[in-house]
Amino acid sequence: MSDRDEFGELGSADADELDDDAGVVAGRSVFGDEGEPAWGEALATGSSLPTGSEPRLQEADPQELGVWTDHTTAPQWDESDDHLPPMEPSEPVGTVIGEEDFFGYDDQAVYGGVTGAGPTPAASSDRDMPMAVLVGVFLSAVILVALQVGPALALVVATVVLGLAAVEFLSAVRVAGYQPAVVLGLAGVVTAPLAAYWRGMDGIVVVLVLTVVFGTLWYLTGVGVEGPMRGLAVTVLAVAYIGVLGAHAALMLQIPTHGTGLLTAAIVLTVAHDVSAMAIGRAAGRTPLSRASPNKTLEGLLGGAVVTVAVGVVMGLVGMPAPIAEAPGSFWTAVLLSVVVAVAAPIGDLAESMLKRDLDIKDMGSLLPGHGGILDRFDAMLFSLPATYYVALMTGVI
């Protein structure tokens, strides 16, 4: 079939109309002038289209190409080969952990072949265990006395603990090179439990909203001038991780009559898991649990879970504390809570270990001899508190 047959007959009137509509001058190519066949002329005269040639686009101006490249919306992938090798524990699964404890106070790991990949290794003997036990007993006594006195004193103790934990966390991220809004972050963490005790969950939402708003203003006004994206993110993380999770203690304390009993149940179950997992991990730990903290073992995790559930069963049998183990709670409510805490507590512990590993530090602080920092001691509690509150809420206890 000829080119003329393919395109059909074109009269002069049709050609003129084509030229007018398309804005093309007859006899000139729409693809450029230099060295191009007269496609427009062939169409206008009805002659055969030139053969052996194809229309060719003009080459784009290099400067125009640069503009398009600079404004592309596609992600720019890093194709460089300058990457650290993946961090792998130097000890394979099944290696005897030795003196390292499961939920203890040495979260360091030795990563072979990567300099600075983790905190500096230290033997567990570096910890003064008698001092650690003494400090733990003292902390427990202070908390129990505060709970017995009343919710107001317990709220003060909880607020002080959360504030000290926030100071440790914000100091640690500053050492790691972040630039958080320290004053704003500390204010958000401290006011979160107070707002929760005063206005419940609505108070926590207000604190979060104000943290984001004033955090943005913090960097817009030049108070914080370096890395606003990272700084604001770390500030909000501090308020959400420590302040919001910890404020669930205040949510429980505001419950009339049995608020202190609900908080007591959360503390007892968390401490039972923490202590038993540490002891069983030290005695029988063989299988590393997580890359976030390779010294924690699967045996310690399972042993701590069994002991925690056993404590929940005992709570249900003796009917204490209310309202979990007695009206409006029950035996099965206490058992359910113990199972949930047995899951939430190790997640909280591993979460803090993950953050410490990312920051390349051993402990968040050194305030508590034999333990490290406040946050190191109460990391599991941060996850157990909301778990306890929502179990009580969903089971109709509160």
Side-chain angles (χ1 to χ4, degrees), residues 135-168 186-204 206-207 239 241-275 311-312 315 318-326 328-329 333-334 337-338 340-341 344-345 348 367-368 371 373-393 397-398:
V135 171
V137 171
F138 174 76
L139 288 176
S140 301
V142 170
I143 294 173
L144 291 177
V145 169
L147 289 171
Q148 289 297 319
V149 171
L153 182 58
L155 176 65
V156 171
V157 173
T159 303
V160 171
V161 169
L162 294 176
L164 293 174
V167 170
E168 292 176 350
L186 180 59
V189 170
V190 172
T191 56
L194 301 178
Y197 189 78
W198 181 37
R199 291 296 184 183
M201 191 63 70
D202 292 341
I204 295 178
V206 171
V207 171
V239 175
Y241 173 50
I242 302 175
V244 173
L245 295 184
H248 284 76
L251 290 177
M252 288 184 272
L253 289 173
Q254 73 162 179
I255 299 171
T257 308
H258 293 308
T260 54
L262 187 61
L263 181 57
T264 300
I267 295 174
V268 169
L269 290 173
T270 305
V271 171
H273 187 282
D274 214 355
V275 173
V311 172
M315 288 170 53
V318 300
M320 294 180 61
I324 284 294
E326 66 175 8
T333 305
L337 177 60
S338 66
V340 173
V341 171
L367 184 62
L368 301 178
H371 292 262
I374 291 287
L375 188 55
D376 298 310
R377 189 68 267 128
F378 290 93
D379 49 6
M381 194 74 68
L382 289 177
F383 279 60
S384 297
L385 292 175
T388 302
Y389 179 79
Y390 292 117
V391 166
L393 189 65
V397 171
I398 57 176

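The analysis underlying the following values was restricted to heavy atoms, covering all of them including side chains, and did not include hydrogens, waters or symmetry mates.
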Counterpart residues, side chain to side chain donor-acceptor pair (under 3.5 Å), relative to T333 (two or more places apart):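 By the side chain to side chain donor-acceptor pair (under 3.5 Å) rule, T333 matches S330.
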
Mind checking what makes side chain to side chain donor-acceptor pair (under 3.5 Å) contact with T388, not counting sequence neighbours?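 T388: no side chain to side chain donor-acceptor pair (under 3.5 Å) contacts found.
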
Rounded at 0.5 Å granularity, tell me how far [atom1] in [X] sits from [atom2] in [Y].
X: L139; Y: I143; atom1: CG; atom2: CD1; result: 6.0 Å
X: L153; Y: Q148; atom1: CG; atom2: CD; result: 11.0 Å
X: I242; Y: L186; atom1: CD1; atom2: CG; result: 9.5 Å
X: I374; Y: L162; atom1: CD1; atom2: CG; result: 10.0 Å
X: T270; Y: F383; atom1: OG1; atom2: CZ; result: 12.0 Å
X: M320; Y: T264; atom1: CE; atom2: OG1; result: 9.0 Å

What's the shortest heavy-atom distance between [X] and [Y], and which atoms?
X: G261; Y: P323; value: C-CD, 4.3 Å
X: L155; Y: P193; value: CD1-O, 3.9 Å
X: V207; Y: A192; value: CG2-CA, 4.1 Å
X: L385; Y: A266; value: CD2-CB, 4.3 Å
X: A195; Y: G203; value: CB-O, 3.6 Å
X: P386; Y: L382; value: CD-O, 3.0 Å

Indicate yes or no for a side-chain donor-acceptor contact from E168 to the backbone of L375 under 3.5 Å, with no hydrogens or angles considered.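 Pair found, side chain donor or acceptor close to backbone of L375.
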
Output all residues satisfying side chain to side chain contact (heavy atoms under 4.5 Å, CB included) with [X], sequence neighbours left out; order by chain, then residue number.
X: I255; result: L262, I398
X: V275; result: V271
X: A322; result: H258, E326

What pairs of donor and acceptor atoms, side-chain ones from residues 245-254 against any protein atom, are under 3.5 angstrom apart with sequence neighbours left out?
{"residue": "H248", "atom": "ND1", "partner": "V244", "partner atom": "O", "Å": "3.0"}
{"residue": "H248", "atom": "ND1", "partner": "L245", "partner atom": "O", "Å": "3.4"}
{"residue": "H248", "atom": "NE2", "partner": "Y390", "partner atom": "OH", "Å": "2.9"}
{"residue": "Q254", "atom": "NE2", "partner": "A196", "partner atom": "O", "Å": "3.4"}
{"residue": "Q254", "atom": "NE2", "partner": "Y197", "partner atom": "O", "Å": "3.3"}

Any side-chain heavy-atom pair of M315 and L269 under 4.5 Å: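 Heavy-atom side-chain distance check passes, below 4.5 Å.
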
Would you call V142 and F138 a side-chain contact if the rule is heavy atoms closer than 4.5 Å?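 Result yes, sub-4.5 Å side-chain heavy-atom pair found.
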
